Amino acid sequence: MTSRWDNNKQMITLPLPTEFSFLENTKYLSNAPNECLIRIDDGRVYKAISLEQVPIIVEVSVGCEQENGLAVRLLGNNQAALCESVRDAAVRYVRDWFDLDTDLQPFYQLAKTDKLLSGSVDSFYGLRNMGIPDLFEALCWGIIGQQINLAFAYTLKRRFVEAFGQYVEHDGERYWLFPTPVDIASLQVEDITKLKMSTKKSEYLIGVAQLMVEGKLSKEQLLGIGDHKKIEKLLVQIRGIGPWTANYVLMRCLRIPTAFPIDDVGLHNAIKYVTGAEAKPTKVEILQLAEGWKNWESYATFYLWRLLY
DNA sequence: GTCCAGGATGGGT
DNA sequence: ACCCATCATGGA
């Protein structure tokens with residue numbers, strides 16, 4: 001299998017890690033109700049992203065020649081698609097998005113005998129923590145999702161994206177790009193409350209966008225800090241980002257393996273579902289249940305969430 | 001109509 | 001450090 005760019009076919013095939021199921025990942029993506037940033041058609045996943053200021057559509061599918069390869073194509077077919085640095089950035093994005101560089105074997109080993117995880121890892125074997133590589137998108141999605149049901153959260157995200165984002169057209173389909181910090185930083189609160197977002201969330205979104213535009217907050221900076229607790233402490237100081245949102249971003253964007261949104265209602269419901277308990281688990285109970293998850297708290301949460309979809 | 005949802009804040013003990 | 005009212009809208 002080739003890991004080099006094929007200029008004729010405009011694609012690259014990435015070798016896959018062993019514990020990987022493309023089907024499980026697409027099933028996970030398909031379950032998102034009203035998702036506006038991803039299109040799935042005929043087993044292929046499409047997403048528009050901006051690479052080096054250039055909007056482009058990424059198509060991901062299982063390789064046709066080698067079933068254990070992940071085929072990445074760039075659509076939109078402008079000159080940008082031919083530029084080597086853009087191609088490399090697209091490949092990095094997909095590796096990050098599908099979390100191809102994590103060896104899941106230790107997780108599956110510990111999950112086998114875990115009373116909460118054993119069923120889930122069996123059902124969803126090969127599922128990856130599908131990420132949100134863009135920090136601004138991850139922060140906004142966390143803020144939008146606070147304290148409302150998921151269906152409404154997806155509706156709000158769609159309105160937000162379609163009001164302030166750009167789109168690329170290809171074969172008669174629109175592929176929306178998540179708005180950039182620049183798109184949002186100069187908005188007035190009323191511009192966002194019009195979408196039925198709460199006043200506070202509108203303020204939070206603008207505030208985060210301004211921090212990023214001012215260069216006071218970036219993914220590179222957070223990754224450079226490295227330590228879970230230090231990053232969390234920094235994020236929680238930002239207005240609108242509490243422990244839940246911070247850990248959500250640590251998990252979905254920064255890929256800190258110990259990220260653990262312990263206050264999450266979905267996690268509570270998943271635990272109730274597995275244990276059969278009537279009452280919501282207490283924080284102490286959750287920590288006890290999670291004692292065997294050291295360094296895999298993030299993946300454990302992701303797999304438990306999956307039970308609810 | 002009621003309850004609650006991928007929580008966070010600011011004020012109070 | 002805990003407790004609590006408040007936010008705000010829509011899904012079930």
Side-chain angles (χ1 to χ4, degrees), chain A residues 28-38 116 120 124 127 129-132 134-161 163 178 189-209 211 217 229 231-256 259-274 277-287 290 297-309:
Chain A
Y28 162 76
L29 293 175
S30 305
N31 279 326
N34 204 13
E35 167 63 64
C36 60
L37 297 175
I38 294 172
L116 284 186
S120 181
F124 310 119
L127 174 68
N129 175 358
M130 295 295 296
I132 306 173
D134 180 69
L135 177 65
F136 186 59
E137 180 185 334
L139 286 166
C140 291
W141 179 226
I143 289 169
I144 291 170
Q146 289 166 6
Q147 185 55 20
I148 59 175
N149 62 70
L150 259 184
F152 183 38
Y154 276 105
T155 298
L156 285 177
K157 181 170 86 162
R158 177 183 291 277
R159 289 179 191 157
F160 186 73
V161 167
F178 196 81
V189 171
E190 304 81 60
D191 297 327
I192 308 181
T193 55
K194 266 190 280 189
L195 312 179
K196 302 301 179 188
M197 197 93 69
S198 73
T199 305
K200 282 184 178 176
K201 284 186 184 177
S202 302
E203 291 170 0
Y204 301 161
L205 293 169
I206 294 171
V208 168
L211 279 178
L217 177 64
K229 286 299 169 191
I231 306 174
E232 182 177 346
K233 194 170 285 183
L234 191 152
L235 284 175
V236 165
Q237 286 173 355
I238 299 170
R239 191 171 137 81
I241 301 178
W244 179 85
T245 308
N247 277 277
Y248 187 82
V249 170
L250 286 167
M251 177 177 163
R252 302 294 304 281
C253 181
L254 303 175
R255 298 199 170 285
I256 305 296
F260 194 23
I262 194 166
D263 312 304
D264 181 69
V265 177
L267 177 66
H268 301 163
N269 289 336
I271 291 174
K272 282 163 66 180
Y273 176 78
V274 177
E278 296 271 332
K280 162 182 138 177
T282 67
K283 192 170 177 179
V284 175
E285 285 168 342
I286 298 173
L287 288 173
E297 290 87 346
S298 170
Y299 254 96
T301 303
F302 197 76
Y303 267 73
L304 288 173
W305 277 346
R306 186 69 182 78
L307 289 171
L308 302 175
Y309 294 149

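Excluded from the calculations below are hydrogen atoms, water molecules and symmetry mates; all remaining heavy atoms, backbone and side chain alike, are included. Since we're looking at a predicted model, the values are computed, not measured. A note on names: the letters A, B, ... follow the listed sequences, proteins ahead of strands, and every chain is numbered from 1.
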Check your understanding: Given dA5(B), dT9(B), dA8(C), which nucleotide is nearest the side-chain atoms of N149(A)?
Key -> dA5(B)
Point to revise | Donor-acceptor pair, side chain of K201(A) and main chain of I192(A), under 3.5 angstrom | key: no
Point to revise | Presence of donor-acceptor pair under 3.5 Å, side chain of Q147(A) and base of dA5(B) | key: yes
Study note, to complete from the structure: Partner of dG11(C) under the Watson-Crick or G-U wobble criteria, both distances under 3.5 Å, comes out as dC3(B)
Check your understanding: Of the candidate nucleotides dC7(C), dT9(C), dG6(B), which contains the atom at the shortest distance from the side chain of W141(A)?
Key -> dG6(B)
Practice item. Describe the nucleic acid contact of Y248(A) in one word from base, sugar-phosphate, nothing, applying a heavy-atom distance below 4.0 Å. Key: base
Exercise for review: Output yes when at least one side-chain N/O atom of T245(A) is less than 4.0 Å from OP1 or OP2 of dG6(B), else no.
Suggested key: no
Check your understanding: When we call it a touch if two heavy atoms are under 4.0 Å apart, what does L156(A) touch: a base, just sugar-phosphate, or nothing?
Key -> nothing
**Study point:** Parallel, tilted or perpendicular: rings of Y28(A) and Y309(A) (30°, 60°)
**Key:** tilted
Review point. What nucleotide among dG6(B), dA8(B), dG11(C) has an atom nearest to a side-chain atom of A151(A)?
Key: dG11(C)
Check your understanding: Distance between the P atoms of dA8(C) and dG11(B), in whole angstroms?
Key -> 16 Å
Review point. Any sub-3.5 Å donor-acceptor pair from R255(A)'s side-chain atoms to N129(A)'s backbone N or O?
Key: yes
Check your understanding: With a non-hydrogen cut-off below 4.0 angstrom, is G266(A) in contact with a base, only sugar-phosphate, or nothing?
Key -> nothing
Check your understanding: For residues 298-309 of chain A, which residues have at least one heavy atom under 4.0 Å from DNA chain C?
Key -> none
Study note, to complete from the structure: Whole-Å distance, L205(A) CG to dA8(B) P, equals 13 Å
Point to revise | Whole-Å gap separating C1' (dT6(C)) and CD (Q146(A)) | key: 14 Å
**Study point:** D263(A) CG to dG7(B) P, straight-line distance once rounded to whole Å
**Key:** 9 Å
Study note, to complete from the structure: Rounded to whole Å, CD1 of I143(A) lies from C1' of dT9(B) at a distance of 13 Å
Review point. With respect to the phosphate group of dG10(C), does any side-chain polar atom (N or O) of T155(A) fall under 4.0 Å of OP1 or OP2?
Key: no
Exercise for review: Report yes or no: does Y303(A) contribute a side-chain atom to a donor-acceptor pair with the main-chain N or O of L127(A) at less than 3.5 Å?
Suggested key: yes
Check your understanding: Thinking salt bridges, do K229(A) and E232(A) make one under a 4.0 Å N-O criterion?
Key -> yes
Exercise for review: Starting from the C-alpha separation in whole Å, work towards a yes-or-no answer on side-chain contact (heavy atoms from CB on, under 4.5 Å) for T155(A) and R158(A).
Suggested key: CA-CA 5 Å; T155(A) 298; R158(A) 177 183 291 277; 5.8 Å; no
**Study point:** Under-4.0 Å side-chain N/O to phosphate OP1/OP2 contact, R239(A) with dG10(B)
**Key:** yes
Review point. Roughly, in whole Å, what's the span from CD1 in I286(A) to C1' in dG6(B)?
Key: 13 Å
Check your understanding: What interatomic distance, in whole Å, is found between P of dG6(B) and the corresponding atom of dT6(C)?
Key -> 23 Å
Practice item. With rounding to the nearest 0.5 Å, note down the distance linking CG in L235(A) to CD1 in I231(A). Key: 7.5 Å
**Study point:** Partners meeting side-chain hydrogen bond (donor to acceptor under 3.5 Å, both in side chains) with E35(A) (sequence neighbours left out)
**Key:** K157(A)
Practice item. Rounded off to whole Å, could you give me the CE-to-C1' distance for the M197(A) and dG7(B) pair? Key: 15 Å
Practice item. Pick base, sugar-phosphate or nothing for I238(A), based on heavy-atom distances below 4.0 Å to the nucleic acid. Key: sugar-phosphate
Practice item. Quick one: pull up CZ in F302(A) and OG in S120(A) and give me the separation to the nearest 0.5 Å. Key: 10.0 Å
Revision key, fill the gap. Among the nucleotides dG7(B), dG10(C), dA8(C), whichever has the atom closest to the side chain of W244(A) is dG7(B)
Review point. Between atom CD1 in I132(A) and atom C1' in dG6(B), what is the gap in whole Å?
Key: 11 Å
Check your understanding: Base, sugar-phosphate alone, or nothing: which one does P261(A) contact when heavy atoms must sit under 4.0 Å apart?
Key -> nothing
Revision key, fill the gap. Side-chain contact check for F152(A): nearest option of dT9(B), dG10(C), dA5(B) is dG10(C)
Point to revise | Atom pair distance, as rounded to whole Å: OH in Y154(A) and P in dT9(C) | key: 22 Å
